[in-house]
Amino acid sequence: MFASSIEKSLISTLLYQIFSKGIGYGKYLLFAFLFGTSMQMDAYNMALTILDVSMFVLGHVFSVVGIPMLVKSRKKSFTAFKKLSGSIFVFSLVLAAIIIVFQYIFFYDLVSILAPGFDDKKSALSYEIFKYFLPMNIVYLPYFALISFFRSLNFFSISNFLDFLMAIFSIAYLVIFLSSDIAIIPLSLSVAYVVTIFFALYFAIKIKIIGFTGSIFTPYMKNMYKNIAKLSLWFLVLQLYRVVDKGFASLLDNGAISALVYASMLISGMGFVFDFAYVYITKFSEKEDKAAVFTLAIKLYIFLTLPVVVYLLFYSKEFISIIYGGGKFDKNSIEITSSIIVILSPLLFLSLVNGLFQSLYQSLEKYAYVICLSLIGVLINFVLNYLWISKYGIVGIALATLVSTGVIIALNLLIIHYKENLHLSYKNILFEFMKYLLAAGASFVTIRMLSLPFFVSSILFFVFNYVILVLLRNEFIIRIYSMIRKR
């Protein structure tokens with residue numbers, strides 16, 4: 001059963017993420033049309049990778065370290081919360097300045113390590129693109145600090161609204177200043193972050209209990225630094241999954257990195273819509289019965305993702321040709337990207353479940369689990385990439401990611417069962433999985449028998465799937481229907 005507070009947070013997050021991530025993903029449709037799978041896009045993706053392993057890593061750390069600490073200080077008093085939030089905000093400004101200097105000094109060294117297949121021309125193009133990220137670089141950490149404040153206060157509607165604004169401003173800039181110059185992409189992100197942080201500051205000021213000044217040497221902050229050091233290593237290891245894949249893809253033909261990114265973004269873009277990790281960080285921090293919350297979350301993710309996974313397994317080529325096809329995204333790009341999608345589609349579910357484990361460990365402050373498991377996953381991914389890239393090419397890279405992720409989830413299940421004494425309802429989860437799989441399978445077989453046009457088949461596949469679940473009195477559909485009726 002849904003707890004009322006979790007229910008409201010999940011619905012709010014889902015609705016905003018459908019709009020914000022959906023709009024945000026529209027950017028990639030423009031990227032595909034304007035640049036396809038080209039050297040320019042490869043260079044852009046590597047510039048973005050430099051941000052992944054530096055600034056973006058710490059942005060996520062602010063959320064996952066800050067939220068549990070802020071929740072505890074909120075329970076103590078609002079004064080304690082204001083002092084801690086002020087200290088975190090000041091620290092975000094200081095840390096951002098340090099990282100930016102580091103990025104520009106060591107840029108070429110990082111590219112030579114992360115993209116061994118890049119020549120001097122590609123590296124120079126990546127650097128030129130990277131310079132346009134500077135405004136976003138400056139405000140990125142302070143923005144995520146503010147987001148962590150809102151989430152720790154259960155103001156998910158505010159944080160979701162800000163994500164929505166971010167997507168709107170970014171794609172608006174792209175559409176208004178549409179150009180074949182690759183610099184338009186980093187500029188759109190910089191403009192979006194700079195404008196959105198002013199809205200975030202406005203909301204923070206209106207709430208009044210959020211601070212903007214404070215000492216960065218308090219006992220709370222010293223404890224936070226320890227956790228940041230641990231989690232930075234963990235998030236860096238997590239980023240290495242994608243970094244390893246891009247690094248091996250750089251050894252292939254021009255456009256391999258871009259094709260991998262287009263496919264990955266399609267999967268992760270769908271995953272973002274269904275990603276309630278930050279909701280569960282707060283709920284795991286608040287609730288005693290973590291196993292019950294975890295079981296419910298897995299069942300919810302099965303309900304949301306399994307029909308999509310089945311759909312992508314059988315309709316990936318047609319789907320890719322419709323959403324990406326056109327402009328410079330030619331038939332070869334469609335063929336390569338769709339082959340990657342077939343392999344990566346189960347990650348839509350597996351990555352969300354993996355995020356649940358991470359949220360659980362963060363609430364328990366068991367960061368060692370996360371770091372060790374993530375490192376094992378990266379090592380498995382690296383070895384499998386090395387073994388399979390020469391024989392299978394880009395498909396081997398995708399397959400290595402899928403297998404390594406599955407191994408890590410299996411290890412996570414063993415850890416929470418034997419080390420943390422959290423006993424999930426595996427029979428219940430398996431029953432739900434089989435039920436949803438049969439519903440999706442029955443829908444697919446029915447659609448195939450009708451031999452309808454692709455667009456009609458796509459709509460009817462999901463309609464039939466959820467009609468079957470309604471007939472089976474699915475608990476989530478019943479809950480959603482009840483909420484709608486109450487409103």
Side-chain angles (χ1 to χ4, degrees), residues 1-3 5-7 9-11 13-14 267 270-271 273-284 286-313 344-364 366 369-370 373 377 402-444 462 465-466 468-481:
M1 296 289 289
F2 276 114
S5 59
I6 297 179
E7 191 175 72
S9 298
L10 292 179
I11 293 297
T13 301
L14 177 61
I267 299 298
M270 293 178 180
V273 172
F274 304 132
D275 187 4
F276 307 117
Y278 292 115
V279 175
Y280 283 112
I281 290 175
T282 304
K283 300 311 173 186
F284 282 140
E286 294 175 342
K287 301 292 183 181
E288 294 294 329
D289 192 356
K290 292 178 173 58
V293 176
F294 204 104
T295 299
L296 176 65
I298 291 180
K299 289 167 59 180
L300 176 63
Y301 283 151
I302 294 172
F303 164 70
L304 292 171
T305 64
L306 194 58
V308 182
V309 171
V310 172
Y311 176 82
L312 291 176
L313 283 171
L344 292 184
S345 57
L347 284 180
L348 177 58
F349 170 70
L350 295 178
S351 296
L352 291 171
V353 174
N354 203 34
L356 283 176
F357 286 113
Q358 294 162 13
S359 299
L360 176 64
Y361 296 146
Q362 291 155 28
S363 69
L364 296 171
K366 297 293 180 71
Y369 289 156
V370 181
L373 287 169
L402 177 63
V403 172
S404 58
T405 302
V407 171
I408 295 308
I409 287 178
L411 292 175
N412 272 313
L413 289 171
L414 292 174
I415 286 175
I416 67 169
H417 185 83
Y418 292 105
K419 291 289 186 180
E420 296 303 319
N421 201 33
L422 291 178
H423 304 296
L424 307 184
S425 179
Y426 293 107
K427 289 183 179 180
N428 194 356
I429 292 171
L430 182 60
F431 176 75
E432 292 295 308
F433 179 83
M434 294 305 299
K435 183 170 65 176
Y436 297 139
L437 184 60
L438 287 172
S443 300
F444 172 73
F462 290 102
N465 180 79
Y466 290 110
I468 293 171
L469 293 178
V470 169
L471 295 174
L472 294 174
R473 297 191 59 79
N474 176 265
E475 64 174 305
F476 297 112
I477 291 180
I478 292 172
R479 285 284 175 178
I480 293 170
Y481 178 70

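Scope of the values below: all heavy atoms of this structure, side chains included, with no hydrogens, waters or symmetry mates. Here the structure is a predicted model, which means the values were calculated and not measured.
- Residue Leu313 comes nearest to Ser345 through the heavy atom pair CD2-OG, 3.3 Å, listed as atom of the first residue, atom of the second, then distance.
- If you take OH on Tyr301 and OG on Ser351, they are separated by 11.0 Å, rounding to the nearest 0.5 Å.
- For the pair Ser404 and Gly377, the tightest heavy-atom approach, listed with the atom from each and the gap, is CB-O, 3.6 Å.
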Tyr369/Ile416 under side chain to side chain contact (heavy atoms under 4.5 Å, CB included): CA gap, chis, key distance, verdict: CA-CA 10 Å; Tyr369 289 156; Ile416 67 169; over 6 Å; no
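- Here the side chains of Pro307 and Tyr436 are not in contact, with every heavy-atom distance at 4.5 Å or above.
- A distance of 4.5 Å separates OG1 in Thr295 from CD1 in Ile429, rounded to the nearest 0.5 Å.
- Expressed to the nearest 0.5 Å, how far CG of Leu402 lies from CD1 of Ile267 amounts to 10.5 Å.
- Between the side chain of Asn412 and the backbone N or O of Ile408 there is at least one donor-acceptor pair closer than 3.5 Å.
- To the nearest 0.5 Å, atom CG of residue Leu306 and atom CE of residue Met434 are 10.0 Å apart.
- In this structure, the separation between NZ on Lys299 and NZ on Lys435 is 8.0 Å, given to the nearest 0.5 Å.
- Atoms CG and CD1, from Leu352 and Ile298 in turn, are 11.0 Å apart once rounded to the nearest 0.5 Å.
- Looking at every heavy atom in both residues, Leu350 comes nearest to Ile409 through O-CD1, 3.2 Å.
- The shortest heavy-atom contact between Phe349 and Ile302 is CE1-CG1, 3.4 Å.
- Few gaps surround OH on Tyr426; more than 12 heavy atoms of other groups in view lie less than 6.0 Å from it.
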